[in-house]
Amino acid sequence: MSEISYVVKYDLNPTVEEAYKVLRANVQFCESSRKIRTIAITSYSPGEGKSTTSINLGISMAKAGMRVLYVDADIRKPMPFKYFMSSNLKGLTNYILGQAKLEEIINKTDISGFNFITCGIKTNNPVELITSDKFSNLIRELEKLYDTVIIDTPPLGSVIDAAVIAAQVDGTIIVIETNAVKCQNALRMKEQLVKANANILGAVLNKISKSEYKNYYGSYDYYNSRKKYIKMWSRLIKNLKSLKRGEHD
Ligand SMILES: Nc1ncnc2c1ncn2[C@@H]1O[C@H](COP(=O)(O)OP(=O)(O)O)[C@@H](O)[C@H]1O
Ligand SMILES: [Mg+2]
């Protein structure tokens, strides 16, 4: 593993952090008969939030004491290095092409238990790399080293890579950006994953607005609502006391 510990840009507000904790718990709830060690994250289109979800879920798991590895397998459109303040690293493609050893592509971060592999150099034949024995053997190797391996994949609406990866992991999470994907496309993606024999763990509805979130969950900000709730009761008690004393506003 690299000697350098990369700084991860991680500045979630408590509400968002809580949402990833809920996602983490829901993944654990899916573990009925078999342990979910390897997870693929996909979506129909680019930009729906696959990388964001993969990294934040991984960090949430690491913060809960798990050893987590994030693998960027979106070889066609590598994740911009805005999360990991690093560039030019040897990654997944270098390993599959025999240009790097496993220990050379695993990077440490300043978040304890959270490591990552970048996608590596660009290649002209991404599907061949993903379908190679070397890739499947790598997944088997990595699941021995980590509690959870999260694989960030390309969008299924454009290329087949994610289905190939989904067929080789314990579970797949679909990210859906609110109001961005047609229902029939989401269903088509699901059918493709079912065909690949993927174990679909569920879907993450991403980029939801505060008002929409409120409609789903009643209150989007538990802490602030709690403050408001306490304030309301204090005012009520004060009013009752003054009423008893015969005072009026
Ligand atoms: N829940 C969210 N709320 C706001 N912005 C988000 C959210 N999820 C992702 N984004 C932003 O949307 C853009 C695309 O997200 P990204 O995770 O890179 O998508 P993908 O990996 O699916 O292409 C990024 O700029 C990211 O910061
Ligand atoms: Mg991405």
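Both ligands and their constituent atoms are indexed starting at 1 by order of listing.
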Exercise for review: Assess the side chains of Thr42 and Thr153: does a donor N or O sit below 3.5 Å from an acceptor N or O?
Suggested key: yes

* Assess Ser54: does it contribute an N, O or S atom lying under 2.8 Å from the Mg ion (ligand 2)? => no

Do the charged groups of Arg37 and Asp170 touch, with an N to O distance under 4.0 Å? no

A student checking ligand 1 against Glu48 at a 4.0 Å heavy-atom cut-off should list atoms 19 (O), 22 (O)

Note: ligand 1 atoms sitting under 4.0 Å from heavy atoms of Gly47 are 14 (C), 19 (O), 20 (P), 22 (O), 23 (O)

* **Backbone of Thr52 reached by a side-chain donor or acceptor of Asn56 within 3.5 Å** => yes

**Asked** Mind checking whether Thr53 has an N or O less than 3.5 Å away from an N or O of ligand 1?
**Response** no

Quick note on ligand 1: atoms under 4.0 Å from a heavy atom of Lys50 include exactly 17 (O), 19 (O), 20 (P), 21 (O), 22 (O), 23 (O)

Report task. Go through the steps to decide whether Lys50 and Asp152 satisfy the test salt bridge (charged side-chain N to carboxylate O under 4.0 Å, His left out), and finish with yes or no. Result -> CA-CA 6 Å; Lys50 292 177 294 299; Asp152 189 4; 5.9 Å; no

Report task. Look only at interatomic distance and state if Lys207 has a nitrogen or oxygen under 3.5 Å from any nitrogen or oxygen of ligand 1. Result -> yes

So the atoms of ligand 1 within less than 4.0 Å of a heavy atom of Thr52 turn out to be 8 (N), 9 (C), 15 (O), 16 (P), 17 (O), 26 (C)

**Request:** Give yes or no for whether the N/O distance cutoff of 3.5 Å, strictly under, is met between Asp152 and ligand 1.
**Result:** no

Under 4.5 Å between side-chain heavy atoms, counting indirect links through other Ile/Leu/Val/Met/Phe/Trp/Tyr residues: same cluster for Leu187 and Ile176 or not? no

Check: Under 6.0 Å from the six-membered ring centre of Tyr95 and within 45° of its axis: does the NZ or CZ of Lys134 meet both?
Finding: yes

In short, Ala62 meets Ser112 closest at the heavy-atom pair CB-O, 3.7 Å

Q.
Using a plain distance cutoff, I'd like to know if Gly49 has any nitrogen or oxygen under 3.5 Å from a nitrogen or oxygen of ligand 1.
A. yes

(Q) Looking only at distances, can you tell me whether any N or O atom of Ser51, backbone or side chain, sits closer than 3.5 Å to an N or O atom of ligand 1? (A) yes

Here the atoms of ligand 1 under 4.0 Å from any heavy atom belonging to Asn206 are 1 (N), 2 (C), 7 (C), 8 (N), 9 (C)

Is a salt bridge present between Glu143 and Arg140, judged by a nitrogen-to-oxygen distance below 4.0 Å?
yes

